[in-house]
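Shown next, in structure tokens, is the structure this report addresses.
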Amino acid sequence: MTPDRPAGQTALGKHDIAARIARDIPHGAFVNLGIGQPTLVADHLPADAGVVLHTENGMLNMGPAAQGDMIDPDLTNAGKIPVTELPGAAYFHHADSFAMMRGGHLDICVLGAFQVSASGDLANWHTGAPDAIPAVGGAMDLAIGAKKVFVMMTLFTKTGAPKLVSECTYPLTGLACVDRVYTDLAVFDITPRGVVVRETFGPTVDDLAGRLDLPLIAAGN
């Protein structure tokens, strides 16, 4: 799929972030993609990646999103988006799917987030807004069950508030569970020594530190 970055724009669009995540998923990994933008990662995995995608609603070896005549209304991911199946795809009960998630059988999960703290706490199910519909779903099971947790999100809200924070103010999904955060402006690793900036897309590390109001460590330092 063609990335949605306008010419001359440095910050990544959602498809660019998904493609960046796809490049970091190792060959043969078992991966769950959370509801929302993380599902776009499926569209950017190479055909020879050997990555096996798991869905919360009971499917293994899911393929990219279905288009046109390929759409089967009975074949969807956990977000109800029509998907394709790859050779060897299997289907199973919802309870079996959760047993896979809770049993440590997933190498990576990719989740969206409202906030991630500097210590890796994840808040992605409720903002406290009076008109919000809280739905934690399987996110808490994925956050503690997957061997690695990647987060895909914009770095700031529409009002400019940071989503990477020193401490989460929204209800938590999981404690100290996030390993890496992919955003439109930078990629961050959450480590025992602090938040490490792996890569930036426009701003400098100092620029980001000023806007985020938390200490950042440049990769290699």
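We count residues from 1, following the sequence as given. Nothing here was measured: the structure is a model prediction, and the numbers come from that model. Every heavy atom of this structure was used, including side-chain atoms; hydrogens, water molecules and symmetry mates were not.
Taken from OG1 in Thr55 to CE in Met100, the straight-line distance is 9.5 Å, to the nearest 0.5 Å. Interatomic distance, OG1 of Thr173 versus CG of Asn124, reported as 3.5 Å (0.5 Å rounding). Put simply, CG on Leu33 and CD1 on Ile21 are 8.5 Å apart, with the number rounded to the nearest 0.5 Å. The CD atom of Glu199 lies 12.0 Å from the CG atom of Leu185; values are rounded to the nearest 0.5 Å. Note that CG of Leu45 is 9.5 Å distant from CG of Leu86, once rounded to the nearest 0.5 Å. Note: Ser97 OG to Leu60 CG = 9.0 Å, rounded to the nearest 0.5 Å.
Comment: Arg20 engages Asp24 in a salt bridge, judged by a side-chain N to carboxylate O separation of less than 4.0 angstrom.
Nearest heavy atom pair, residue Ala123 against residue Cys168, reads CB-SG, 4.3 Å. What you find for Asn61 and Val52 is that their closest heavy atoms are N-CG1, 3.7 Å. Between Pro38 and Gly34 the shortest heavy-atom distance is CB-O, 3.4 Å. When all heavy atoms are compared, the tightest approach of Leu214 to Ser166 is CD2-N, 3.7 Å. Of all heavy-atom pairs spanning Ala18 and His44, the tightest one is CB-CD2, 3.7 Å.
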Is there a side-chain contact (heavy atoms from CB on, under 4.5 Å) between Ile17 and Asp184? Walk through the geometry before answering. CA-CA 7 Å; Ile17 304 173; Asp184 52 334; 4.1 Å; yes
Quick one: do Leu164 and Thr183 satisfy side-chain contact (heavy atoms from CB on, under 4.5 Å)? Show the steps, please. CA-CA 10 Å; Leu164 184 60; Thr183 76; over 6 Å; no
Please lay out, stage by stage, how Ile190 and Val195 fare under the test side-chain contact (heavy atoms from CB on, under 4.5 Å). CA-CA 5 Å; Ile190 309 297; Val195 179; 4.1 Å; yes
Result block: side-chain N/O donor-acceptor pairs under 3.5 angstrom for residues 104-113, not counting sequence neighbours:
unit_1	atom_1	unit_2	atom_2	d
Asp107	OD1	Lys147	NZ	3.4
Asp107	OD2	Phe30	N	2.8

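Tracing side-chain contacts under 4.5 Å through hydrophobic residues (I, L, V, M, F, W, Y), one reaches Val197 starting from Leu212; they form part of the same cluster. No chain of hydrophobic side-chain contacts below 4.5 Å, direct or via other Ile, Leu, Val, Met, Phe, Trp or Tyr residues, connects Leu12 to Leu155. Cluster membership for Ile144 and Phe98, using ILVMFWY side-chain heavy atoms within less than 4.5 angstrom, is not shared. Hydrophobic clustering of Ile, Leu, Val, Met, Phe, Trp and Tyr side chains at less than 4.5 Å, counting indirect connections, unites Ile25 with Met62. Hydrophobic clustering keeps Leu53 apart from Val149 (ILVMFWY residues linked when any side-chain heavy atoms are closer than 4.5 Å, directly or through intermediates).
Each salt bridge (charged side-chain N to carboxylate O under 4.0 Å, His left out) pair with one or both residues in residues 201-215, not counting sequence neighbours, would appear here, but there are none. Every pair passing ring-ring contact (aromatic ring centres under 6.0 Å, His included) that includes a residue from residues 158-196 is listed here, sequence neighbours excluded: Phe150-Tyr182. Sorted pairs that involve residues 197-221 and meet ring-ring contact (aromatic ring centres under 6.0 Å, His included), not counting sequence neighbours, are lacking altogether. Pairs passing the side chain to side chain donor-acceptor pair (under 3.5 Å) check and including a residue from residues 74-86, sequence neighbours excluded, read Glu85-Tyr91.
Every residue two or more places apart in sequence or in another chain that forms a side-chain contact (heavy atoms from CB on, under 4.5 Å) with Asp189 is listed here: Arg180, Thr191, Val196, Arg198. Under the side-chain hydrogen bond (donor to acceptor under 3.5 Å, both in side chains) criterion, Thr169 pairs with Gln115, sequence neighbours left out. Scanning for side-chain hydrogen bond (donor to acceptor under 3.5 Å, both in side chains) contacts around Thr157 gives Thr159, with sequence neighbours left out. With sequence neighbours excluded, the residues satisfying side-chain hydrogen bond (donor to acceptor under 3.5 Å, both in side chains) with Lys163 are Thr154. With sequence neighbours excluded, no residue satisfies side-chain hydrogen bond (donor to acceptor under 3.5 Å, both in side chains) with Glu56. In this structure Ile35 satisfies the side-chain contact (heavy atoms from CB on, under 4.5 Å) test together with Ala78, sequence neighbours excluded.
By the 4.5 Å side-chain criterion applied to Ile, Leu, Val, Met, Phe, Trp and Tyr, Leu175 is assigned to a cluster that also includes Leu172.
Residues Val51 and His27 are not in side-chain contact: their nearest non-hydrogen atoms beyond the backbone lie 4.5 Å or more apart. By the 4.5 Å heavy-atom criterion applied to side chains, Val83 and Leu75 are counted as neighbours.
With His54 contributing its side chain and Val31 its backbone, the two residues share no donor-acceptor pair below 3.5 Å. In this structure, Asp121 contributes its side chain and Glu167 its backbone to no donor-acceptor pair below 3.5 Å.
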